[in-house]
Amino acid sequence: MSLWEYANPVKFIRTTDKVLPWIWALAIGALCVGLVWGFFFTPNDFRQGSTVKIIYIHVPSALMAINAWLMMLVASLIWIVRRHHVSALAARAAAPVGAVMTLIALATGAFWGQPMWGTWWAWDPRLTSFLILFLFYLGYMALWEAIENDDTAADLTSILCLVGSVFAILSRYAVNFWNQGLHQGATLSLDKEENISDVFWFPLLVCIAGFVLLFIALVFLRTQTEIRARRTRALLAREGQA
């Protein structure tokens, strides 16, 4: 079977209808286990106290904020090259989810940073690039709503997605590009000898898995909605011409 078969809207809906209940169940299970484990069964940090437990929401949401945009980038490139409508609609469906993830990351980062840095906000390279990424999410969604023709909207938002990807990359690697700012380096890194303690690391991995599964479930569900909405608009347009 070819992956491109799922560019057929009917096949996409039928397939996702079958897998969505399982993804929802796994997402809810992983989030419940990870958050309960992290918040109630891990010790306070010797420096940050109980504030460190914000990590179980902040880090997964920040990762998904960046990866949601990268997923939109891939879907937009598929639209530009292959002109598959499902890919364009999937990118559109992912934008609100990614925007919410970015907002959660900014808010939890502020709550975490205030007791640690003594300020709710600093024009740190990573924080600033994250704020710009959030504005790109808003602009992306606004552009979709502002253009009536779906194909034209998909073309223009795909270009915007390409430009915004620069800030998605900066959000991920800003600390590596600039040795300045308040934000710490990567919490999870495979190329470091030292990582966060296993007592925090394992529940964090479960939380990240839960956020990933939640993102997939929401994007599948919203893509189905976008396909049905596009089909409805097409039928209404035909009736109006008849």
Side-chain angles (χ1 to χ4, degrees), residues 20 22-45 48-74 90 93-116 124 126-127 129-134 136-137 164-165 167-176 182-192 194-222:
L20 260 176
W22 296 98
I23 298 176
W24 278 117
L26 290 171
I28 294 172
L31 286 173
C32 289
V33 171
L35 293 176
V36 171
W37 185 1
F39 279 105
F40 298 104
F41 295 97
T42 58
N44 294 338
D45 184 69
Q48 302 182 45
S50 60
T51 308
V52 72
K53 298 185 180 184
I54 298 177
I55 194 175
Y56 300 113
I57 297 177
H58 177 71
V59 170
S61 61
L63 286 174
M64 293 316 303
I66 299 168
N67 289 313
W69 192 276
L70 296 180
M71 171 261 161
M72 292 162 55
L73 171 63
V74 173
V97 184
V100 171
M101 292 291 183
T102 309
L103 187 60
I104 293 173
L106 288 170
T108 53
F111 280 105
W112 196 355
Q114 203 282 330
M116 295 299 103
D124 177 277
R126 180 170 287 185
L127 272 65
S129 58
F130 244 87
L131 178 60
I132 296 174
L133 179 62
F134 178 66
F136 265 97
Y137 271 117
S165 298
F167 292 96
I169 295 173
L170 287 178
S171 299
R172 174 64 182 85
Y173 296 104
V175 174
N176 298 336
L182 298 175
H183 200 286
Q184 68 186 55
T187 302
L188 299 176
S189 179
L190 297 176
D191 59 354
K192 286 187 175 182
E194 294 186 2
N195 212 326
I196 62 171
S197 173
D198 287 350
V199 71
F200 300 114
W201 188 57
F202 290 120
L204 179 57
L205 289 180
V206 177
C207 288
I208 291 173
F211 269 76
V212 171
L213 291 167
L214 177 64
F215 172 76
I216 294 172
L218 289 172
V219 170
F220 279 173
L221 183 62
R222 285 186 49 80

Visitor: Report the C-alpha distance between Val212 and Ile216 in whole Å, list the side-chain angles of each, state the deciding distance to 0.1 Å, and finish with yes or no for side chain to side chain contact (heavy atoms under 4.5 Å, CB included).
Guide: CA-CA 6 Å; Val212 171; Ile216 294 172; 4.0 Å; yes
Visitor: Can you name the nearest heavy-atom pair linking Pro60 to Ile55, along with the distance?
Guide: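 Smallest interatomic distance, heavy atoms only, reads CD-O, 3.3 Å.
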Visitor: Quick one: closest heavy-atom pair of Pro43 and Val199, and the distance?
Guide: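 Closest pair (atom of Pro43, atom of Val199, distance): CD-CG2, 3.5 Å.
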Visitor: Roughly how far, to the nearest 0.5 Å, is the CH2 atom of Trp37 from the CG atom of Leu205?
Guide: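 Reported value, rounded in 0.5 Å steps: 8.5 Å.
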Visitor: If you look at every heavy atom in Ala94 and Met72, which pair is closest and at what distance?
Guide: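 Scanning both residues completely, I find the closest heavy atoms to be CB-CG, 3.8 Å.
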Visitor: Testing the basics here: between Met71 and Val219, what is the closest heavy-atom pair and its distance to 0.1 Å?
Guide: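 Shortest heavy-atom separation between Met71 and Val219 comes out as CE-CG1, 4.2 Å.
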Visitor: Would you confirm whether Tyr137, through its side chain, and Ala65, through its main-chain N or O, come within 3.5 Å as a donor-acceptor pair?
Guide: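 Yes.
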Visitor: Please report the interatomic distance CD1(Ile28) to CG(Leu26), rounded to the nearest 0.5 Å.
Guide: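 Going from the CD1 atom of Ile28 to the CG atom of Leu26 covers 10.0 Å.
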Visitor: Say you draw a straight line from CH2 of Trp69 to OG1 of Thr102; how long is it, rounded to the nearest 0.5 Å?
Guide: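 Those atoms lie 9.0 Å apart.
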Visitor: Please step through side chain to side chain contact (heavy atoms under 4.5 Å, CB included) for the pair Ile208 and Met64, ending with a clear verdict.
Guide: CA-CA 9 Å; Ile208 291 173; Met64 293 316 303; 6.0 Å; no
Visitor: Angle class for the Phe200/Tyr56 ring planes (parallel below 30°, perpendicular above 60°, tilted otherwise)?
Guide: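 Rings of Phe200 and Tyr56: tilted, as their planes differ by 30° to 60°.
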Visitor: Could you tell me whether Phe39 atom CZ has more than 12 heavy atoms of other residues or ligands within 6.0 Å of it?
Guide: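 Yes, the 6.0 Å shell around CZ holds more than 12 heavy atoms from other groups.
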Visitor: Quick check for you: to the nearest 0.5 Å, what is the distance between Leu73 atom CG and Asn67 atom CG?
Guide: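 Leu73 atom CG to Asn67 atom CG measures 11.5 Å (nearest 0.5 Å).
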Visitor: Provide the closest heavy-atom pair for Leu106 versus Leu127 in the form atom of the first, atom of the second, distance.
Guide: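 That would be CD2-O, 4.3 Å.
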Visitor: Supply the atom-to-atom distance Met101 CE to Leu133 CG, rounded to the nearest 0.5 angstrom.
Guide: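 Separation between the atoms: 13.0 Å.
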Visitor: Go through the steps to decide whether Leu221 and Trp24 satisfy the test side chain to side chain contact (heavy atoms under 4.5 Å, CB included), and finish with yes or no.
Guide: CA-CA 10 Å; Leu221 183 62; Trp24 278 117; 4.1 Å; yes
Visitor: Indicate the atoms forming the closest heavy-atom contact of Cys207 with Gly34, along with that distance.
Guide: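 Between these two residues, the closest heavy atoms are SG-C, 3.3 Å.
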Visitor: Report the C-alpha separation of Leu63 and Phe211 in whole Å, then their side-chain angles, then the decisive distance to 0.1 Å, and conclude whether the side chain to side chain contact (heavy atoms under 4.5 Å, CB included) test is met.
Guide: CA-CA 9 Å; Leu63 286 174; Phe211 269 76; over 6 Å; no
Visitor: Side chains of Thr42 and Phe202: closer than 4.5 Å at any heavy-atom pair?
Guide: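 Answer no - side chains too far apart.
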Visitor: Return the CG to CG distance between Leu218 and Leu20, rounded to the nearest 0.5 Å.
Guide: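 Between Leu218 CG and Leu20 CG, I get 9.5 Å after rounding to 0.5 Å.
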